[in-house]
Amino acid sequence: MSTPSPSPMKWVPSLYFTQGMQFFVVMYLVSFPLKNLGVANDQIAHWTSLIGTAWAVKPLWSPFLELLRSKKTIVVTMQFVGAVALALMALSLQLPAWFAAVIAVLFIVAYASATHDIACDGLYMASLDNQRQAAYAGWQGAFFNGARFFMIGVVMKVAGALEGPMGIANAWSLVFAGLAVLLAGLASYNAWALPGKLSTEHSELTAAGIWATTEEIVLEFFRKPDIWIAVLFIVLFRFAEGQVQTIGPLFLIEAREKGGLGLTTSQVADVYGWVGSGGFLLGSILGGYFTAWLGLKRAMPVLILAMGVPNVTFWYLASQLPGDMWHIGTAVGIEMLGYGFGFVGMILYIMQAVAPGKYQTAHYALGSGVMQLGFIFSKGISGDIQLAMGYEHFFAWTIVCGLPVLLLMFFVRMPGKAAAPAVAAA
């Protein structure tokens, strides 16, 4: 008699919360202790963008994970690796060469997380039929983005409360130790709750066969009509965003005498964690239904303009330097609402205009990798540009950076009507 599979509600929330938790540690949370410990904006941008390449290049090794039958084994193993790495992060902050140690540990977290993502999505698709995949997609997106709320709205609030009495390094060491315990607990739960078996049994596939298929997938991707225009469009779509999303949070905690808003870690947790994350989720939902109503081709100009809202909002904050938290919070809420609304356009563009064909799933992964590489490039140069221009002129520059994609939009092929997507994940 076959064992009935567990209800998806027993494992989908914990699986995707864990996925988001590891991602947001690297791509968002770690920037704040680095900034508070005196690391310059250009160094933060350089290193976090380099580390972020893990999610851009993960399609290169994703086919080889098929050599192991059990996706559950890969998922749980990578979660425990992430937990150990976060514990090492806590220790790293106490070392004399703490910055080099933190960067090394972040590479471990990032590549374990990227590998986890591959197996995580594979387990989800293999365990659920098409109907249940659609039914639980909303929960998937909600818990992934719920990790954003938790990391910025809760964890940063705790860190902010501890920084005063304990000092920055000690406070964040305690925070990362707590996150390590939480992730180990989630990994233990998932070892029990996830469908499938913990097994190292190998499949009948061979590395040589997988490599040949991978080569064919990549070649077919670049044979698509007008693919290079599509690649340029994807890169330019996020060119301004990568700069703003890197420097914007650092601007919030930069001292006022240096052109920032001078917020504390706790205050950033309130406005960026709760108000900002809520705005992003609301914008994602509205953007999805707006695009479903008009179709991607007609909706795209509005979606691109929405991606410019963060640029204008941060330029306004940098030029006015308001001190009232309601004023700042409202601006951040508008910024993230526009970001979430517009970002839907790129997800749907890759899904509907780039991915379709013989290798739709693999080509979606490749398109997403190109998107992440574009984001990383703009993220990597943002710190140097900001230091050279100052915050106000930097954010004015990002407004200009958002204009070329509007022009290129008229040269790329766009599909028409589309179904509303699940909540977008950045």
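We use all heavy atoms of the structure for the numbers below, so side chains are in, but hydrogens, waters and symmetry mates are not.
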Between Phe149 and Leu281, which heavy-atom pair has the shortest distance, and what is it?
CE1-CD1, 2.7 Å
For His46, does the NE2 atom have more than 12 heavy-atom neighbours from other residues, nucleotides or ligands under 6.0 Å away?
yes
Go through the side-chain N and O atoms of Glu392 and Ser319 and say whether any donor and acceptor fall under 3.5 Å apart.
no
Suppose we call two aromatic rings close when their centres sit under 6.0 Å apart. Are Phe395 and Phe314 close by that rule?
yes
Is the centre of the Trp172 ring less than 6.0 Å from the centre of the Phe32 ring?
no
Looking only at heavy atoms, the pair that brings Leu236 and Pro404 closest together is CD1-CB, 4.2 Å
Sub-6.0 Å ring centroid separation between Phe233 and Phe411
no
Ring centres of Tyr316 and His327 under 6.0 Å apart?
yes
Quiz: residues 92-106 side-chain donor-acceptor pairs under 3.5 angstrom, not counting sequence neighbours:
{"unit_1": "Ser92", "atom_1": "OG", "unit_2": "Leu88", "atom_2": "O", "d": "2.7"}
{"unit_1": "Gln94", "atom_1": "NE2", "unit_2": "Asn170", "atom_2": "OD1", "d": "3.2"}
{"unit_1": "Gln94", "atom_1": "NE2", "unit_2": "Ser173", "atom_2": "OG", "d": "2.7"}

May I ask you to check whether over 12 heavy atoms, not counting those of Lys10, lie within 6.0 Å of atom NZ?
no
Please assess Leu194 against Val76 for the test side-chain contact (heavy atoms from CB on, under 4.5 Å), listing each intermediate value before the final yes or no.
CA-CA 9 Å; Leu194 293 177; Val76 173; 4.2 Å; yes
How about Phe17 and Phe144: are their ring centres within less than 6.0 Å of each other?
no
How far apart are the closest heavy atoms of Val309 and Glu335, and which atoms are they?
CG1-CA, 4.2 Å
For a 4.5 angstrom cut-off between non-hydrogen side-chain atoms, does Thr264 reach Ile253?
no
